[in-house]
Amino acid sequence: MNKNLSIFFVSSPLQVLAAQCIAENIESNRDLILVFYKKNLDNVVKKNIWSKQIYMPWPRHEPEKGLFGVHKRLIKNLTLIESLIGECKSIYIYSAVYDTEAINYFVSFFQKKVGDTNFSARILPDGVISTVRYPLTFFKRILRKTRDFRSLVDKKLVYSHFSGDRIGSDAKFIDKIFVLNGFPHQYRKDKVVILPPLLKTKIKQNGVKYKTRALIIGQPLQGFKLMSINNINLATNVIMQWLTEEKISDFFYKKHPKDKQSTFYNEKYHILSDSISIEEHLAENHYDYIVGVNSTVLFFAKQICSDNSRVLSFGINKINFRTNKEKKNLMKLFADFKIEIKYI
């Protein structure tokens, strides 16, 4: 009964990394449980951190068979986690979002189990989504009232309603919102907790010559008609020239799975395997430079890597934007994330 428990609900490599950062730096004195609701995240998990790990199917993606399959899955998930935790004194839960039924019902369920004063709900960072607010409209809030009908069938399924931001940052049951170091946000300052870098920089050993490393990110720019062939060739050459002038020792290249042209590739680059998850790779490997154009990987890199890694965009001025608003929004996002821009 004296057990203090923290449960982390995660669905992406970035969320796993953030959860492990919190577990190691903030919650190390508590029993820690990691709950996946998406598969294939094992490779990025540090198994020695967690007391238990378990996969919990997403109700709408993996409902139970027969009628009311989603409802049955919601009940089964509550029962699954309840059997996993046993008796405990306090419970903290972590999730990137709280409006979804898959997570929300755990709020009232755990509040009843340990009492309001021994329960806390907290928000994990979730990439670019965490930089802006997504207000719940009046219509959406009314629609969520229909979720109250589930409690008529099973009293365990009590939905915790809230207004404001969709992820739950304005909800009364949220006491902390974790934000990646140096990233913009629109949350209440009294709730925000800044995380240290998710990737610890390897320390240079005395007497050992340090090799600088660069990772070049490919994109399907030609296939998606985002940049002309001439400008792609120009960007490829400018990137290689700039890296050479910086006296980089090792070059690595990650191809986009939909890029048949292997954009920006140079024969001097070491090609990373297509099977590698870029988030997992960045979590395990340090790069001094991470280079691309407007790939989302650049944003991931700013979230995952330490401040010693420079993230650069080459040729953003040659991108074929659909509208000026789209261009303006992206440029603001680059500025907010402190991604270096190199025009060509």
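Computed from heavy atoms alone, side chains included, the values below leave out hydrogens, waters and symmetry copies. In this chain, residues are counted from 1 in sequence order. This structure is a prediction, so every number in the text was calculated from the model and none was measured.
- Annotation for Asp190: atom CG counts as buried by contact number, over 12 foreign heavy atoms lying within 6.0 Å.
- Across Met56 and Ala102, no two heavy atoms sit closer than the pair CE-O, 4.0 Å.
- Between Phe68 and Val153 the shortest side-chain heavy-atom distance does not fall below 4.5 Å.
- In terms of heavy-atom proximity, Lys156 sits nearest to Glu82 at NZ-OE1, 3.9 Å.
- With no hydrogens or angles considered, a side-chain donor-acceptor pair links Glu246 and Tyr289 at under 3.5 Å.
- Within the model, atoms NZ of Lys189 and CD1 of Ile177 stand 13.5 Å from one another, a figure rounded to the nearest 0.5 Å.
- Phe149 belongs to a hydrophobic cluster with Leu152, counting contacts under 4.5 Å between side-chain heavy atoms of Ile, Leu, Val, Met, Phe, Trp and Tyr, direct or through other members.
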For this session: Evaluate the side-chain contact (heavy atoms from CB on, under 4.5 Å) criterion for residues Ile217 and Phe300: first the C-alpha distance (whole Å), next the side-chain angles of each, then the deciding distance (0.1 Å), finally the verdict.
Result: CA-CA 12 Å; Ile217 307 298; Phe300 287 139; over 6 Å; no
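- Put simply, NZ on Lys46 and CD on Gln20 are 6.0 Å apart, with the number rounded to the nearest 0.5 Å.
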Exercise. Run the side-chain contact (heavy atoms from CB on, under 4.5 Å) check on Lys325 and Lys328 step by step: do they pass?
Worked result: CA-CA 5 Å; Lys325 183 179 180 180; Lys328 183 179 179 181; 5.6 Å; no
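- By the neighbour-count criterion of 12 heavy atoms within 6.0 Å, atom CG of Asn29 is densely surrounded, having more than that number from other residues, nucleotides or ligands.
- Side-chain contact check for Phe110 versus Ile81: some heavy-atom pair is nearer than 4.5 Å.
- Both Ile319 and Leu333 belong to a single network of hydrophobic side chains, linked directly or stepwise wherever heavy atoms of I, L, V, M, F, W or Y lie under 4.5 Å apart.
- A 4.5 Å side-chain heavy-atom check between Arg144 and Leu136 finds at least one atom pair inside the cut-off.
- Ring pair His61/Trp58 is tilted by interplanar angle, where 30° to 60° counts as tilted.
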Exercise. Which is it for Glu24 and Ile49 under the side-chain contact (heavy atoms from CB on, under 4.5 Å) test, yes or no, and what are the steps along the way?
Worked result: CA-CA 7 Å; Glu24 288 183 303; Ile49 294 176; 3.5 Å; yes
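- The ring-ring contact (aromatic ring centres under 6.0 Å, His included) with Phe251 is formed by just one residue from the set Phe264, Tyr265, Tyr269; it is Tyr269.
- Cluster membership for Leu80 and Val107, using ILVMFWY side-chain heavy atoms within less than 4.5 angstrom, is shared.
- A 4.5 Å side-chain heavy-atom check between Ser90 and Val114 finds every atom pair outside the cut-off.
- By the neighbour-count criterion of 12 heavy atoms within 6.0 Å, atom NZ of Lys112 is densely surrounded, having more than that number from other residues, nucleotides or ligands.
- Using a 4.5 Å heavy-atom cutoff, the side chains of Leu41 and Leu34 are not in contact.
- Note that CG of Leu312 is 9.5 Å distant from CD1 of Ile290, once rounded to the nearest 0.5 Å.
- Between the CG atom of Leu234 and the CG atom of Asn230 there is a distance of 9.0 Å, given to the nearest 0.5 Å.
- Remark: Arg122 fails to qualify as a cation-pi partner of Phe178 under the 6.0 Å distance and 45° angle criteria applied to the six-membered ring.
- Phe9 pairs with exactly one of Phe106, Tyr92, Tyr55, Tyr94 by the ring-ring contact (aromatic ring centres under 6.0 Å, His included) rule, that one being Phe106.
- Residues passing the side-chain hydrogen bond (donor to acceptor under 3.5 Å, both in side chains) test with Arg147, sequence neighbours excluded: Tyr159.
- No donor-acceptor contact under 3.5 angstrom links the side chains of His71 and Asp154, judged on distance only.
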For this session: Could you please spell out the steps behind the side-chain contact (heavy atoms from CB on, under 4.5 Å) verdict for His161 and Asp148?
Result: CA-CA 9 Å; His161 292 280; Asp148 292 340; 2.8 Å; yes
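- Closest heavy-atom contact between Pro59 and Arg73: CA-CG, 3.4 Å.
- Looking only at distances, a side-chain donor or acceptor of Lys3 sits under 3.5 Å from a matching main-chain atom of Ile85.
- Cluster annotation: Tyr343 and Phe334 are assigned to the same hydrophobic cluster (Ile/Leu/Val/Met/Phe/Trp/Tyr, side-chain heavy-atom contacts under 4.5 Å, transitive).
- Aromatic rings of Tyr98 and Phe162 (six-membered ring for Trp) have centroids beyond the 6.0 Å cut-off, not under it.
- Judged by distance alone, with hydrogens and angles left aside, the side-chain atoms of Thr263 form a donor-acceptor pair with the main-chain N or O of Gln219 at under 3.5 Å.
- Taking all atoms of both residues into account, the shortest heavy-atom contact from Ile248 to Asp250 is CG2-O, 3.3 Å.
- Looking only at side-chain heavy atoms (C-beta outward), Ile341 and Asn317 stay at 4.5 Å or farther from each other.
- In this structure, Ser6 and Arg30 approach most closely via the heavy-atom pair OG-NE, 2.8 Å.
- Formation of a donor-acceptor pair under 3.5 Å by the Gln15 side chain with backbone atoms of Ser11 is found in this model.
- At a cut-off of 3.5 Å, with distance as the only test, a side-chain donor of Gln241 or Glu245 sits close to an acceptor on the other residue.
- Of the possible donor and acceptor atoms, none in the side chain of Asp259 sits under 3.5 Å from a partner among the backbone N and O of Lys255.
- The main-chain N or O of His286 is found under 3.5 Å from a side-chain atom of Arg213 such that the two form a donor-acceptor pair.
- Other residues, nucleotides and ligands contribute over 12 non-hydrogen atoms within 6.0 Å of the NZ atom of Lys47.
- Here the side chain of Asn231 pairs no donor or acceptor atom with the backbone of Met227 at under 3.5 angstrom.
- Remark: Lys318 NZ to Asn294 CG distance equals 15.0 Å, nearest 0.5 Å.
- Applying the 6.0 Å contact sphere to NZ of Lys76 captures no more than 12 heavy atoms from other residues, nucleotides or ligands.
- Between Ser163 and Asp170, the shortest heavy-atom distance links the atoms O-CB, 3.6 Å.
- No more than 12 heavy-atom neighbours from other residues, nucleotides or ligands sit within 6.0 angstrom of NZ on Lys38.
- At distances below 3.5 Å, at least one donor-acceptor pair connects side-chain atoms of Lys191 with backbone N or O atoms of Ile174.
- To the nearest 0.5 Å, the span separating OG1 on Thr117 from CD on Gln111 amounts to 10.5 Å.
- Side chain of Glu101 to main chain of Leu74: no donor-acceptor pair is present (N/O by atom type, distance under 3.5 Å, no hydrogens or angles).
- Thr212 contributes a side-chain N or O that, together with a main-chain N or O of Ser249, makes up a donor-acceptor pair within less than 3.5 Å.
- Remark: aromatic rings of Phe109 and Tyr105 are distant, center separation not under 6.0 Å.
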Exercise. Please walk me through it: do Glu340 and Arg310 pass salt bridge (charged side-chain N to carboxylate O under 4.0 Å, His left out)?
Worked result: CA-CA 8 Å; Glu340 298 181 49; Arg310 290 177 64 184; 2.7 Å; yes
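- Looking at Asn104, its side chain never comes within 3.5 Å of a backbone N or O of Thr100 through a donor-acceptor pair.
- Inter-residue side-chain proximity for Leu330 and Ile316 is flagged as met; some heavy-atom pair is nearer than 4.5 Å.
- Between Val293 and the choices Ile239, Leu298, Leu226, Leu221, the side-chain contact (heavy atoms from CB on, under 4.5 Å) rule is met once, by Leu221.
- Residues Asp274 and Pro257 have side chains not in contact (no heavy-atom distance under 4.5 Å, counting atoms from C-beta outward).
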